[in-house]
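Worksheet: one structure, shown below.
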Amino acid sequence: IASRSGGRGGASGGHLAGGGRSSSVGRAASGLAGFGTVLGADGLAQALGSLGIEDLRGKPAGEVISRIADHLSDGLHGLEQDVLRGAIQQAIYNAAELTGDPTYENLEASLQLFLSRDGVEGLVELFLTQYVFDRVWLLIEDYVNKRTDSAGEISNMEVAIEQACRSNV
């Protein structure tokens, strides 16, 4: 789980709409699971095709991951879209654990390795963990920042919250 404190603005940046949140998360999780299933069985090109974004074949890994997140968070707006999109992106980055050149081929190989080891369930778990962490951190970030001047203390709090989210998802 990556730190998001640099660009989020904290809880004062606005509230996420309560209505429809669970259905948007459910749709994103379902879409990510479907993508992972096709990826594991047929490869990245087919998985992208299942999302209607097959034009990404051969593009850099960052661009592919960004477009997947865009597609799976499509139809949302504002902060809810930002949080959901960020959680999807970070989950895919965490699953891929890209080392070396972040090419399309490396992305495909690393995601397939992850899926063979952890399955589609592992990919969805990464997404849900990241989403819960982002939501919780978003709500308390301003509170933590107002209570300490130490970047180390803020970082320690963030890590503690991440671990709590990970153990509860």
Side-chain angles (χ1 to χ4, degrees), residues 1-5 7-11 13-57 59-98 102 104 107-108 110-141 161-169:
I1 295 180
S3 169
R4 301 212 182 272
S5 58
R8 289 301 184 115
H15 294 285
L16 299 179
R21 181 180 338 139
S22 62
S23 64
S24 63
V25 174
R27 279 192 308 272
S30 177
L32 190 59
F35 170 80
T37 299
V38 176
L39 173 64
D42 300 320
L44 185 55
Q46 288 295 108
L48 293 171
S50 74
L51 297 177
I53 52 176
E54 57 276 335
D55 61 318
L56 292 171
R57 186 179 193 115
K59 300 285 185 186
E63 183 178 342
V64 173
I65 292 169
S66 180
R67 287 274 306 278
I68 293 167
D70 286 345
H71 179 79
L72 293 176
S73 62
D74 191 43
L76 299 173
H77 303 285
L79 192 55
E80 179 65 15
Q81 183 180 35
D82 292 346
V83 172
L84 197 64
R85 183 183 185 287
I88 294 165
Q89 261 187 286
Q90 195 60 49
I92 296 171
Y93 274 114
N94 289 347
E97 296 180 349
L98 289 171
Y104 179 93
L107 176 63
E108 180 173 33
S110 61
L111 286 176
Q112 286 182 320
L113 178 63
F114 174 87
L115 290 169
S116 70
R117 186 182 64 233
D118 297 303
V120 172
E121 297 84 5
L123 183 60
V124 173
E125 182 180 321
L126 283 175
F127 161 66
L128 292 174
T129 299
Q130 186 68 48
Y131 180 78
V132 169
F133 169 75
D134 287 349
R135 298 261 313 139
V136 169
W137 186 249
L138 186 65
L139 294 171
I140 67 168
E141 183 179 22
I161 292 167
E162 172 190 344
Q163 290 170 344
C165 292
R166 189 174 303 280
S167 69
N168 286 291
V169 172

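Keep in mind that the numbers below use all heavy atoms, side chains included, and drop hydrogens, waters and symmetry copies.
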Output, in order, the C-alpha distance, side-chain angles, deciding distance and verdict of side-chain contact (heavy atoms from CB on, under 4.5 Å) for D134 and L138. CA-CA 6 Å; D134 287 349; L138 186 65; over 6 Å; no
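- When every heavy atom of V83 is checked against every heavy atom of Y131, the shortest pair comes out as CG1-CE1, 3.8 Å.
- Here the shortest heavy-atom pairing between A28 and L72 reads CB-O, 4.1 Å.
- Atom-to-atom distance recorded for Q89:CD and D70:CG is 7.0 Å, nearest 0.5 angstrom.
- G36 approaches L123 most closely through the heavy-atom pair CA-CD2, 4.2 Å.
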Pair D55-R67, side-chain contact (heavy atoms from CB on, under 4.5 Å): steps then yes or no: CA-CA 10 Å; D55 61 318; R67 287 274 306 278; 3.3 Å; yes
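- Formation of a donor-acceptor pair under 3.5 Å by the Q81 side chain with backbone atoms of G75 is not found in this model.
- For the residue pair L111 and A95, the shortest heavy atom distance occurs at CD2-CB, 3.9 Å.
- Nearest heavy atoms, F35 versus L51: CD1-CD1, 3.6 Å.
- Going from atom OG of S66 over to atom CD1 of I88 covers 11.0 Å, rounded to the nearest 0.5 Å.
- In this structure, L84 CG and L76 CG are separated by 6.0 Å, a value rounded to the nearest 0.5 Å.
- Residues S116 and L113 come closest through the heavy atom pair OG-O, 2.8 Å.
- Take R57 and apply the side chain to side chain donor-acceptor pair (under 3.5 Å) test, not counting sequence neighbours, and it matches no residue.
- Atom CD of E125 sits about 11.5 Å away from atom CG of N94, to the nearest 0.5 Å.
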For the pair V25 and F127, evaluate side-chain contact (heavy atoms from CB on, under 4.5 Å) and give the outcome as yes or no after the intermediate values. CA-CA 10 Å; V25 174; F127 161 66; 4.2 Å; yes
Pair K59-I53, side-chain contact (heavy atoms from CB on, under 4.5 Å): steps then yes or no: CA-CA 12 Å; K59 300 285 185 186; I53 52 176; over 6 Å; no
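- Atom CG of L107 sits about 6.5 Å away from atom CD1 of I68, to the nearest 0.5 Å.
- Under the 30°/60° scheme for interplanar angles, the aromatic rings of W137 and F133 are found to lie parallel.
- Interatomic distance, CG of L32 versus NE2 of H71, reported as 11.5 Å (0.5 Å rounding).
- Inter-residue side-chain proximity for Q130 and C165 is flagged as unmet; no heavy-atom pair is nearer than 4.5 Å.
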